[in-house]
Q: 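Next up is a structure, given as structure tokens.
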Amino acid sequence: MQFQTIKTHVVRTVTESIAGAGAGNKRAAEQSCLSLLEACDSLTKFTQLHARILKLGLRNNPLVLTKFAAVSSELDAVDYASSFVFCPDADSRLYDAFLFNTLIRGYAQTSSSKEKAFLVYSAMLRYGVLPNKFTYPFVLKACAGLGSLSLGKTVHGSAVKFGFDDDVHVRNTMIHMYCCCGGGIGDARTMFDEMPKWDSVSWSAMIGGYVRLRLSADAVEVFRKMQIARVRPDEITMVSVLSACTDLGALELGKWVESYVEKEGIQRSVELCNALIDMFAKCGDVDKALKLFRKMSEKTIVSWTSVIGGLAMHGRGSEAVSLFEEMIGNGITPDNVAFIGLLSACSHSGLVDKGKGYFSSMTKEYDIVPKIEHYGCMVDMLCRAGLVKEAMEFVQKMPIEPNSIILRTLVSACRAHGELKLGESISRSLISNEPMHESNYVLLSNIYAKMSHWEKKTKIRETMDKKGMKKIPGSTMIELDNEIYEFVAGDKSHEQYKEIYEMVEEMGREIKRAGYVPSTSEVLLDIDEEDKEDALNRHSEKLAIAFALLNTPPGTHIRIVKNLRVCSDCHSATKFISKIYRREIVVRDRNRFHHFKDGLCSCKDFW
DNA sequence: GTAGGGTTAG
């Protein structure tokens, strides 16, 4: 029946019932009201009608309310429904598990009111309504979203009490919940290990959990166990495995995943293709990512954003910009993430004017309020271009407080462009705000090095020691014959270490002859110049490159992944190495890619 | 009548 027809029918029936007809008529009226409410397609329509129905003295029906909330899944609708469901004159005899589940699901799906899912869950228990097997996945999802381990444990206990912890859906959601709560990964693993049997969802939940915490090597290990257990992975499992490859920079493993998907006939969902694009781009083969992107028949904003961000990381800013324009031409409205990719493309390629234009179009044309990350991109862009003063002014005019990432960007730029006094003062305030953040000290120390204030520099080292601060160890990974090797500075754990150090020595001699000068002022330790050079030579990047030179045939490209930003000394040394040893060297650092070839780097020394 | 795991930035 059409909405209007029902409406006419209801008004007539209701009028008759009000005119004093019997109880049968009233029930018929109520029935019609339900149909009418169910036919509503907006919250406004729904609330207006509902108010009218209540005014006519008809019974409030919580079920209809919750059904509407479930269909619309808007927070307002869920709030509206629960306010009437729990109003004092509501007929609580109509409450059942389905009704509560619907409300809990409604709240669990919202981004801002997940805690209300618990209020409804507690109300459910208070009214003496028993939860059923559908209740826990909803409640646990809300726990996962809130990330509260203690809450999660309480709900876990409750599920055990009512005997639903044996249900495979409940257990899998429980693993997912523990993975999402800070400090819960151990509980997740214990539960996972103790499960009597696993399906692909259990494995995916565990793998995804490790990936979320960036414990990617663990994720890969669990995936290998999954294969030994002979559980067939599906496209969702493979998305997580690909994320792990992306994080590790493991191109070979990523390629293997692609062929595995092909061989096993796993469905290439849009999400899987997006994950493949991201993996290829971030593992160094952005052309392959582009090719895959072009072949996709259905693209989402994530596909576009992944490939735009990928090009940005490789310093191919103008291509990223044209893809952004193409995306708009295809009728896709950019979101705030797409703008981050675009702005970082402009930043990494020195497209300052373009970047400024896009930044203002965000608000003017697309009605997106810039977030701190967008401001961060702008500051980064100005700093890379050497416009330190303009960057300072920009920060002062920003409507939000700059975060420490932005301030650190400013300090680096101050150091690079000789604004040492300014850099020192920003750096000092950073240290007083975040006294345990190592990089704040490193920045200040580098500024003092540039000012030749050696005593002050030494003092910083002492302060750090006194505070017992741990340095985040820089590490470099390299993939060789399906194995991933990791190096830290001064690493001697590798069986080839003697040859590696000899190779590093040799590399040093060769590149010095070609004009390389070690930048010893980067070294934080208070040691003499010769030892500083030695310290630079032990950097993990250089060890990994030496390892690659030793173990790969001449001419092979070398791909390495560094967990932090590449240091300026290694950057300069790698340029020389690429020329002398005739190798293309692709370095992925924390922020972007550097393609070294013939003594030059694709970042054009913007970094 | 209601259920579980996934992709983009910084």
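Just so it is clear, the model here is predicted, and its values are computed rather than measured. The sequence lines fix the lettering, A, B, ..., with proteins before strands; numbering per chain opens at 1.
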Q: Regarding B:dG6, can its base be found pairing with the side chain of A:N274 as donor and acceptor, where the two atoms are less than 3.5 Å apart?
A: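 No.
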Q: Round to a whole Å and report the spacing from CD1 of A:I332 to P of B:dT8.
A: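 The distance from CD1 of A:I332 to P of B:dT8 comes to 17 Å, rounded to the nearest Å.
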Q: Send over the distance from A:I175 CD1 to B:dA3 C1', rounded to a whole Å.
A: 15 Å
Q: Examine B:dG10: is either OP1 or OP2 under 4.0 Å from a nitrogen or oxygen in the side chain of A:R590? Give yes or no.
A: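 No, A:R590 has no side-chain N/O under 4.0 Å of OP1/OP2 on B:dG10.
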Q: Tell me: CG of A:L140 to P of B:dG5, nearest whole Å?
A: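 Computing the A:L140:CG to B:dG5:P distance gives 10 Å.
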Q: Indicate, with yes or no, if the rings of A:Y358 and A:F324 have centres closer together than 6.0 Å.
A: yes
Q: Specify the separation, in whole Å, of atom CG of A:D278 and atom C1' of B:dG10.
A: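 Value for this atom pair: 14 Å.
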Q: Does any N or O donor sit under 3.5 Å from an N or O acceptor when you compare the side chain of A:S269 with the base of B:dG6?
A: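 Check passes, donor-acceptor contact within cut-off.
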Q: Measuring to OP1 and OP2 of B:dA3, would you say a side-chain N or O of A:T173 lies under 4.0 angstrom away?
A: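 No, outside the criterion.
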Q: So, does A:H176 get its side chain near the phosphate of B:dG6, meaning an N or O under 4.0 Å from OP1 or OP2?
A: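 For B:dG6, OP1 or OP2 has a side-chain N or O of A:H176 closer than 4.0 Å.
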Q: Any side-chain N or O of A:K299 less than 4.0 Å from the OP1 or OP2 oxygen of B:dT8?
A: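 No, outside the criterion.
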Q: Would you check if the distance from the ring center of A:F138 to the ring center of A:Y107 is below 6.0 Å?
A: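 So the answer is no for these two rings.
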Q: When the aromatic ring centroids of A:F192 and A:W203 are compared, is their separation below 6.0 Å?
A: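 So the answer is yes for these two rings.
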Q: Centroid-to-centroid, A:Y136 to A:H169, below 6.0 Å?
A: no
